[in-house]
Amino acid sequence: MPNIKSAKKRVLITKKKNARNRADRSKVNNAIKAFNKAIDSANIEEAARLLPITMSIIDKGVTAGILHKNAAANKKSALSKRLSDIQSGKVTVTVKKDNKTIAAEKARAAKEAREAARAEFRAKQQEKEADKVEQKKKKAVKEKAEPKKEKSEPEEKPKKEKAPKKTKKTEEEPAAE
């Protein structure tokens, strides 16, 4: 940090100018990006509407000292040429997809596939349940149709006799004298 009063003032002024220049440069770049995005998304009407606005912002950048006048002229020329080539049919626009868009589309397709598989599984489950209900109904109809037989006592199964438990007896050894 400078010690002299005029140097301190110069640092503050430089910070203000730097911030203003950065904001102006950002406006120029954002205007150009918006124009290019309109063209890349095949929205020619929007691009035609944005062209004069973008050129005006570029000219303001020249007056603010952000761009050299020749650099600004080259940018304006390139933008207008790009739009006129597309409007005349010399160049066709292919819609570009960035990685984020591609990933989102893949995720959406995977989600739809999972939902379709779940729906198919649910349909199979419902069919199985419907079949079970039909079988129960058929059984009930058969039982009603057949005369009821008297229930005789169920045959008793012979019970297995349990073998006596074997126990290990420990033999006591004679005490040694």
Of all heavy-atom pairs between Ala38 and Leu50, which one has the smallest distance, and what is that distance?
-> CB-CD1, 4.3 Å
Heavy-atom closest pair, residues Thr54 and Ala31 = OG1-O, 3.6 Å
Pairs involving residues 103-120, ordered by first then second residue, that meet salt bridge (charged side-chain N to carboxylate O under 4.0 Å, His left out) (sequence neighbours left out) = Lys97-Glu105, Glu120-Lys124
Which atom pair, heavy atoms only, marks the closest approach of Gly61 to Val28?
-> CA-CG2, 4.3 Å
Please round to the nearest 0.5 Å and tell me the distance separating atom NZ of Lys136 and atom NZ of Lys139.
-> 9.0 Å
If every non-hydrogen atom of Ala47 is compared with every non-hydrogen atom of Leu83, which pair is closest and at what distance?
-> CB-CD1, 3.9 Å
Neighbour count above 12 (heavy atom, 6.0 Å) for Asn18 CG | yes
Any side-chain heavy atom of Lys27 within less than 4.5 Å of one from Ile66?
-> no
Any Lys/Arg nitrogen of Asp24 or Arg20 sitting under 4.0 Å from an Asp/Glu carboxylate oxygen of the other?
-> no
To the nearest 0.5 angstrom, please state how far the OG atom of Ser56 sits from the CG atom of Leu51.
-> 11.0 Å
Which pair of heavy atoms, one from Lys8 and one from Asn3, lies closest together, and at what distance?
-> CE-O, 3.5 Å
Evaluation steps, salt bridge (charged side-chain N to carboxylate O under 4.0 Å, His left out), between Glu129 and Lys132 | CA-CA 5 Å; Glu129 290 176 9; Lys132 286 180 182 179; over 6 Å; no
Mind running side-chain contact (heavy atoms from CB on, under 4.5 Å) on Ile58 and Ile32 for me, showing each step along the way?
-> CA-CA 9 Å; Ile58 291 172; Ile32 292 171; 4.2 Å; yes
Does atom NZ of Lys76 have more than 12 heavy-atom neighbours, drawn from other residues, nucleotides or ligands, at distances under 6.0 Å?
-> yes
Per the side-chain contact (heavy atoms from CB on, under 4.5 Å) rule, which among Ile13, Leu12, Val11 passes with Lys9?
-> Ile13
Heavy-atom pair with the smallest gap, counting every atom of Val62 and Ala72 = CG2-CB, 3.2 Å
Kindly compute the distance separating NZ (Lys37) from CG (Asn30), expressed to the nearest 0.5 Å.
-> 11.0 Å
Can you tell me how far the CD atom of Gln87 sits from the OG atom of Ser80, to the nearest 0.5 Å?
-> 10.5 Å
N/O donor-acceptor pair under 3.5 Å between Thr14 side chain and Arg10 backbone | yes
Would Arg82 and Asp40 pass as an ion pair if we require N to O under 4.0 Å?
-> yes
